[in-house]
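Chain letters run A, B, ... following the sequence lines, proteins first, then strands; residues in each count from 1. Note that the coordinates shown come from a computational prediction; the quantities given were computed from them, not determined experimentally. Any value given below was found using the heavy atoms of this structure, including those in side chains, with hydrogens, waters and symmetry copies removed.
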2 protein chains.
Amino acid sequence: MADVVEIPAGERAYREIRRRIVSLELKPNQAIGEVFLADELRMSRTPIREALTRLSGEGLVDFRARAGTIVAPIRLEAVRTAQYVREKLELAIIEEAALTQSNRAIFNIRQTIEEQRFSIAEGDTVLFFSADERMHRCFSEMVGRGPVWTIISEAKRHMDRLRRLSLQDTDLNQLLIDHENILAAIEGGNVADARSVLKIHLGRVMEDIDRLSSQYKDYFSQSEHNDAEIAQ
Amino acid sequence: MADVVEIPAGERAYREIRRRIVSLELKPNQAIGEVFLADELRMSRTPIREALTRLSGEGLVDFRARAGTIVAPIRLEAVRTAQYVREKLELAIIEEAALTQSNRAIFNIRQTIEEQRFSIAEGDTVLFFSADERMHRCFSEMVGRGPVWTIISEAKRHMDRLRRLSLQDTDLNQLLIDHENILAAIEGGNVADARSVLKIHLGRVMEDIDRLSSQYKDYFSQSEHNDAEIAQ
DNA sequence: ATATGTATACTTGTATACAAATTTTTAAAC
DNA sequence: GTTTAAAAATTTGTATACAAGTATACATAT
């Protein structure tokens, strides 16, 4: 008997608000009152508050005590950190991947690549990036490091919003070619190639930062000295 | 005029409960009712709930809908992931550190090492590990990657509880020697040494896992297939 | 026109009340 | 003694009420 599980309001709120933030439907620095969201999502303030609390922990929402809540600005420092973390971890993973021979994994990766090709033909950029995510996750999973992708993914949230901004002018075909080359290197067991192609590939994301951060100036944090606090 | 800022109840609850969890004052798998905590910390359930929500996001607390809340068991999978992430990131950082010459940073590191020596003499293991943390953070900061340590630190929380378990039988002097060797390698600009010593050093933490996980069996998760969920 | 002080409206922080689900206890039947 | 069923107690999930701080609008003085 399949138990139909009712998704709790707090969970729904969390997912929906996060979706709106990373999709830029809610813009960085935009004020989001709790009553507004509660009204919008048809629930009381309590689950909304739970969702905002979680999002605040992830750095996507900033509380300003009794003065309002805002979508966190894109912090270039956080983007820079995410890029560093991602590069170090994913390079280590791709290295192991190239040393692993798994037909199953190769098949999965190829499938996401085909999906990317399709999404380019359709002009569906959102689908492209979701397939892209799946592919990178495959790399981690094929070497038994699935949870590492979760860590990368969390560190990457701020970067994801930046990526959204550059969606229009990104050359998706180039990214697709990168992906094919990475897959080829993995299949061929060519560690050096896998590393170098991936490194270049990951670097492309950072290329447009200067342009974007001046074009969408009010989406970014100005101070630059807002570090996430951490009590030992 | 120095504004005396009142720390909000939710924040106090979060810090206190987290402290009790990582210090093993609250034991893994132990039930922690919201009313109990509210009574204990002299506040209502609302800020307690906020704290637990945040801790749940960090994987230190598990909610079981309407059936109670527990301190999350130590998940060996999470420990393994933390070890991997830490090693890859910190090795990259120590490499850069060895290539950086900063008297200021060297001084800071040496100071934490002296503090460690003092804490061993005093038999204060808690102080030792807090100085240890500060030292590792110094490495990140001296190469301009402070926020990376935050990421490591978060990934590391499960490992921290395991470490607490092994406090008694750990040879702190050996760890101190490791630290001195790492510092020497950094000062000498010896990248290879810095890497290899740190790698061995980080590996020591994992040595006692088998013994501990059978000795304190009920502190650990049994299933081993509890991955943190992540919606793309 | 600009600056300043005050009142008002708004927003979050916290407490409390209530609903819904789960676990535990209790009782009964076998 | 064991199993089953029902009832009670416990626990979280959500809504609402209220408290307290913040920002805004407005009047006033310069």
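For the pair Arg64(A) CZ and dT11(C) P, the interatomic distance rounds to 12 Å; values are reported in whole Å. Between the CZ atom of Phe63(B) and the P atom of dT23(C) there is a distance of 16 Å, rounded to whole Å. Taking atom CG on Asp62(A) and atom P on dT11(C), their separation rounds to 18 Å, with Å as the unit. One can place CZ of Arg12(B) at 11 Å from C1' of dT14(C), the figure rounded to the nearest angstrom. dT10(D) atom C1' lies 13 Å from atom CZ of Arg66(B), rounded to whole Å. One can place CD of Glu6(A) at 16 Å from C1' of dT12(D), the figure rounded to the nearest angstrom.
Comparing atom distances between the Glu50(A) side chain and each of dG21(D), dT14(D), dT23(C) picks out dT14(D) as nearest.
Taken from CZ in Arg104(B) to SG in Cys138(B), the straight-line distance is 9.5 Å, to the nearest 0.5 Å. A distance of 9.0 Å separates CD in Glu16(B) from CE in Met43(B), rounded to the nearest 0.5 Å.
Two residues are said to be in side-chain contact when any heavy atoms from C-beta on lie closer than 4.5 Å; Ile109(A) and Phe139(A) meet this criterion. Side-chain atoms of Phe129(A) and Leu172(A), non-hydrogen and from C-beta on, do get closer than 4.5 Å to each other. Inter-residue side-chain proximity for Glu50(A) and Glu11(A) is flagged as unmet; no heavy-atom pair is nearer than 4.5 Å.
Near DNA chain C, meaning a heavy atom under 4.0 Å away, the residues from residues 28-37 of chain A are Ile32(A), Gly33(A), Glu34(A). Only Arg45(A), listed by number, bring a heavy atom of residues 38-47 of chain A to less than 4.0 angstrom from any atom of DNA chain C.
For the pair Thr69(A) and dT11(C), the criterion of a side-chain N or O lying under 4.0 Å from OP1 or OP2 is not met.
Aromatic ring pairs are classed by plane angle as parallel below 30°, tilted from 30° to 60° and perpendicular above 60°; the pair His136(B) and His179(B) is perpendicular.
When all heavy atoms are compared, the tightest approach of Val71(B) to Leu26(B) is CG2-CB, 3.9 Å.
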